[in-house]
Amino acid sequence: MYDPNIALIVAIFFTQVVKIVANNKLFTGGTIISYDESTKLPKVIRDGALLIQDDRIHEIFDLAPSNGTFPHDTEVIDCKNKIITPGFIDTHRHGWQTVFKTTGSNTTLSDYFSRYSSSVAQPLFTPEDVYISQKVGILEALNAGTTTILDHAHHTWTREHAVAGYNASIDSGARVYFAYTFQNVTGFTIQDQLKHWRELDAGKTSNLTSLVMSYDDFTANPYGKDTQDLVELAKEAEIEVFTSHHVAGPWNFGNAPEDLHNAGILNTSTAVVLGHATFITPYSASLLRATNQHISITPESEMHYGMLHPTAHLIADQASIGTDTPFAFSTDVLTQTRLWLQSTRQTMYSNSLDRWQIPNSNPVSVAQAFLLATRNGGLALGRKDLGVITKGAKADLLVWDGRSPSLLGWADPIAAVILHASIGDIDHVLVDGGFVKRDKKLLSGGYDDDVARFLDAARRIQQKLRETPLVPQVGMYVGGFPYGEQYQVDVQRGEGNGYGPSYV
Ligand SMILES: *[C@@H]1O[C@H](CO)[C@@H](O)[C@H](O)[C@H]1NC(C)=O
Ligand SMILES: *[C@@H]1O[C@H](CO)[C@@H](O)[C@H](O)[C@H]1NC(C)=O
Ligand SMILES: *[C@@H]1O[C@H](CO)[C@@H](O)[C@H](O)[C@H]1NC(C)=O
Ligand SMILES: *[C@@H]1O[C@H](CO)[C@@H](O)[C@H](O)[C@H]1NC(C)=O
Ligand SMILES: *[C@@H]1O[C@H](CO)[C@@H](O)[C@H](O)[C@H]1NC(C)=O
Ligand SMILES: *[C@@H]1O[C@H](CO)[C@@H](O)[C@H](O)[C@H]1NC(C)=O
Ligand SMILES: [Zn+2]
């Protein structure tokens with residue numbers, strides 16, 4: 001229904017407030033999943049409209065303004081039958097590994113360390129390989145509706161390798177927190193890396209890619225000069241985000257919140273994100289709450305590699321969603337969120353059924369999952385203006401086709417997206433107010449050229465993997481615990497179990 005009074009107000013608003021110089025876009029007629037600061041819940045607006053001015057959301061209308069009530073230079077995007085959501089936020093990713101695609105389908109975390117990790121992969125990559133793997137990896141994320149990425153960039157083996165991934169992030173068109181990793185590398189010391197980081201920081205050219213920091217040796221080297229110097233630099237440069245891998249339990253990888261706190265990086269104005277934080281303890285969790293810092297749950301990675309995350313549901317209030325290594329499994333945030341939702345339901349239901357009691361309600365809502373994938377990601381990065389559709393927030397947006405066969409018949413747009421949609425239902429993706437995907441097509445210039453370069457790198461690198469035997473998993477794992485026999489599932493009657501080879 002069309003209300004003339006609203007149209008009049010809208011007309012006055014447009015003529016008085018919207019200046020012709022601005023780059024205006026009006027998304028009209030769609031269902032908008034906005035965020036209500038007062039209830040702290042998503043707010044669904046049906047048949048509303050969204051006015052974008054340059055890089056920000058300028059106004060949200062409960063009723064779509066009628067034709068002719070806005071300046072003629074406003075681009076109107078008809079969103080009838082569409083659902084509009086914030087872009088997804090991925091708070092843990094390693095884009096440079098994209099080129100390994102499908103070669104890790106049967107791996108454990110221990111295989112990962114011996115074959116694909118930053119400590120062993122350097123000989124496989126030229127700087128150009130890092131560039132194209134990172135760039136195409138980020139295009140994959142944009143295509144899937146991920147508009148912001150915290151990239152834990154541990155391909156910093158030389159100045160050239162480091163810059164290649166940084167440049168690729170800038171060139172990708174996504175909002176990227178490029179977390180330059182400080183790590184022990186032969187011939188390029190952490191002191192060299194600190195110098196390099198300062199140079200890159202001084203020469204900043206991008207508004208969308210932020211140069212930030214990552215470090216995984218707080219536990220291995222708690223009081224050394226390298227650790228102290230990089231914490232000092234993080235404070236001095238007032239970096240926006242700092243990230244580390246925390247993987248506990250028998251994996252024993254270290255970097256617990258208390259280690260970062262002792263080093264003086266947890267309780268500053270810098271947002272700290274701990275990748276995984278599996279087997280996190282109550283004490284660590286309380287430190288995160290006290291300092292308002294976050295973890296990044298990467299559901300598929302944690303299941304695939306055997307990191308697990310038995311207590312993730314107990315710290316979901318300080319959590320966000322990440323994807324991890326894009327070569328080994330799906331890395332769209334939508335799939336990760338759905339896996340988190342249903343596996344958390346399974347964990348919580350087990351509480352009841354283990355007591356032989358029937359659960360009297362469903363323990364997690366789709367709205368909670370939606371917030372985890374959007375607003376919580378923004379909060380993890382210290383950005384209240386990311387992951388939400390509110391007045392003044394950044395215009396990082398997704399427009400979903402509400403009439404695709406998977407969604408048809410939806411009443412609840414949040415359930416439609418979180419439980420029924422696939423990334424193939426995303427029509428448009430906007431970052432910072434600009435289209436990066438439109439009518440289901442990425443707008444990245446030179447895509448065909450990128451594909452050719454990427455496939456060339458993939459062919460070479462994957463060939464080298466084939467020629468390198470896997471390290472047998474026997475005796476003691478580096479974390480101090482023994483390898484144990486892993487039983488395999490049997491999907492075939494008879495003698496074989498159907499496991500088969502890996503078809504690489
Ligand atoms: C409004 O304009 C659009 C295109 O500019 C057109 O497709 C649509 O039919 C118009 N709606 C009305 C109600 O006139
Ligand atoms: C990275 O980008 C900068 C700025 O465009 C350019 O000067 C530099 O040569 C690039 N480096 C590499 C290794 O691509
Ligand atoms: C960054 O933003 C400023 C202010 O909006 C603008 O003047 C500048 O051109 C932008 N730089 C780039 C590289 O886009
Ligand atoms: C890195 O190397 C420095 C010396 O070069 C050493 O003090 C430190 O313990 C090493 N850190 C790790 C985590 O191996
Ligand atoms: C963090 O710092 C604030 C002061 O800036 C202090 O009040 C608070 O106790 C500190 N929290 C922890 C856990 O150390
Ligand atoms: C996994 O696949 C690789 C080939 O990529 C193979 O060498 C390895 O034996 C496989 N692992 C298992 C447990 O079958
Ligand atoms: Zn990781």
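Note that the structure is a prediction, hence the values are computed from the model and not measured.
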Looking at the rings of [X] and [Y], which for Trp means the six-membered one, are their centres under 6.0 Å apart?
X: H155; Y: H161; result: no
X: F218; Y: F242; result: yes
X: W251; Y: Y477; result: yes
X: H428; Y: F435; result: yes
X: W96; Y: H154; result: yes
X: Y305; Y: F329; result: yes
X: F182; Y: Y215; result: no
X: Y180; Y: Y166; result: no

Cut-off 3.5 Å, side chains only: do [X] and [Y] have a donor facing an acceptor?
X: E300; Y: T335; answer: no
X: H276; Y: E302; answer: yes
X: T323; Y: T298; answer: no

So which heavy atom on [X] is nearest to which on [Y], and how close?
X: A312; Y: I297; value: CB-CD1, 3.9 Å
X: M476; Y: G480; value: CE-O, 3.2 Å
X: V231; Y: A263; value: CG1-O, 3.3 Å
X: T268; Y: K235; value: CG2-CE, 4.0 Å

- Above 12 or not: heavy atoms from other molecules or residues under 6.0 Å from CD of E238?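 Open: at most 12 neighbouring heavy atoms sit under 6.0 Å from CD of E238.
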
- Item | Over 12 non-hydrogen atoms of neighbours within 6.0 angstrom of CD in Q488 |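 Yes.
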
- Flag the pair D171 and K135 as a salt bridge only when some basic side-chain nitrogen lies within less than 4.0 angstrom of an acidic carboxylate oxygen.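 So D171 does not pair with K135 through a salt bridge.
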
- Is any side-chain N of the basic residue among K440 and D427 closer than 4.0 Å to the acidic one's carboxylate O?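 Salt bridge between K440 and D427, a charged N being under 4.0 Å from a carboxylate O: yes.
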
- Message: I need the S284 OG to I295 CD1 distance, nearest 0.5 Å.
- Response: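 Spacing of OG (S284) from CD1 (I295) equals 10.5 Å.
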
- Task: With rounding to the nearest 0.5 Å, note down the distance linking CZ in F178 to CG in L211.
- Result: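 If I round to the nearest 0.5 Å, the distance is 7.0 Å.
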
- Query: Between R198 and E236, is a salt bridge (charged side-chain N to carboxylate O under 4.0 Å, His left out) present by the stated rule, with each step listed?
  - Reply: CA-CA 11 Å; R198 285 175 190 274; E236 176 199 313; 3.0 Å; yes

- Kindly confirm or rule out a cation-pi arrangement of R345 over Y349, judged by NZ or CZ under 6.0 Å from the six-membered ring centre and within 45° of its axis? no

